[in-house]
Amino acid sequence: MTLKNLKINTEAVIVAVGGEGRLRNRLLDMGLIPDTKIVKVKVAPTGDPMQISVRGYELTLRGEDADFIEVREAEK
């Protein structure tokens, strides 16, 4: 599943980061690397952008960028 499809307040682990070139590098530079735990905190009323918690900080992403991040729900 992608980050865009993850339910709010669900903890997940990044499996893969897609995209090409600058977009992929930007996502990786923001700390969105495989095996990193994240939580989808909230989504704007219009559905875009979304806020996630990653590595101790809050990050806002556009939905189209979140589609490039493959995640799986974290084991409890």
Side-chain angles (χ1 to χ4, degrees):
M1 111 175 75
T2 65
L3 176 56
K4 186 174 182 178
N5 303 115
L6 187 68
K7 293 180 182 174
I8 294 173
N9 293 324
T10 304
E11 187 174 276
V13 176
I14 297 174
V15 175
V17 178
E20 296 179 5
R22 287 182 153 181
L23 171 62
R24 185 170 192 278
N25 287 337
R26 185 172 58 89
L27 294 171
L28 294 170
D29 287 345
M30 289 188 288
L32 301 172
I33 59 174
D35 297 323
T36 302
K37 287 188 178 182
I38 62 170
V39 176
K40 187 172 182 178
V41 178
K42 59 185 171 182
V43 178
T46 59
D48 196 31
M50 68 184 64
Q51 182 179 351
I52 63 170
S53 176
V54 58
R55 298 179 178 267
Y57 69 96
E58 303 297 315
L59 177 66
T60 302
L61 286 177
R62 297 180 304 181
E64 65 185 56
D65 293 344
D67 263 340
F68 290 109
I69 302 167
E70 186 178 335
V71 299
R72 65 175 162 76
E73 285 193 37
E75 298 177 15
K76 298 183 183 199

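Just so it is clear, the structure is predicted and the values come from calculations on it, not from any experiment.
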**Q.** Pairs involving residues 7-31, ordered by first then second residue, that meet side-chain hydrogen bond (donor to acceptor under 3.5 Å, both in side chains) (sequence neighbours left out)
**A.** R26-D65
Q.
What's the separation between atom CG in L23 and atom CZ in F68, rounded to the nearest 0.5 Å?
A. 5.5 Å
Q. Would a 4.5 Å heavy-atom cut-off, applied to side chains only, mark V71 and K40 as touching?
A. no
**Q.** Shortest non-hydrogen separation from V43 to M50 and the atoms involved
**A.** CG2-CB, 4.0 Å
(Q) Testing the basics here: between A16 and P34, what is the closest heavy-atom pair and its distance to 0.1 Å? (A) CA-CG, 4.4 Å
Q) Do V41 and M1 share a hydrophobic cluster, counting only Ile, Leu, Val, Met, Phe, Trp and Tyr and linking them when any side-chain heavy atoms are less than 4.5 Å apart? A) no
Q. If you measure from CG on L28 to OG1 on T36, what distance do you get to the nearest 0.5 Å?
A. 9.5 Å
Q: Could you tell me which non-hydrogen atom of A66 sits nearest to which non-hydrogen atom of T2, and how far apart they are?
A: O-CB, 3.9 Å
Q | Heavy-atom side-chain proximity of L32 to L3 below 4.5 angstrom | A | no
Q.
Using the side-chain contact (heavy atoms from CB on, under 4.5 Å) definition, which of the options I14, V13, L59 pairs with I38?
A. I14
Q | Heavy-atom side-chain proximity of I33 to R55 below 4.5 angstrom | A | yes
Q.
Contact between L6 and I52 at the side-chain level, heavy atoms closer than 4.5 Å - yes or no?
A. no
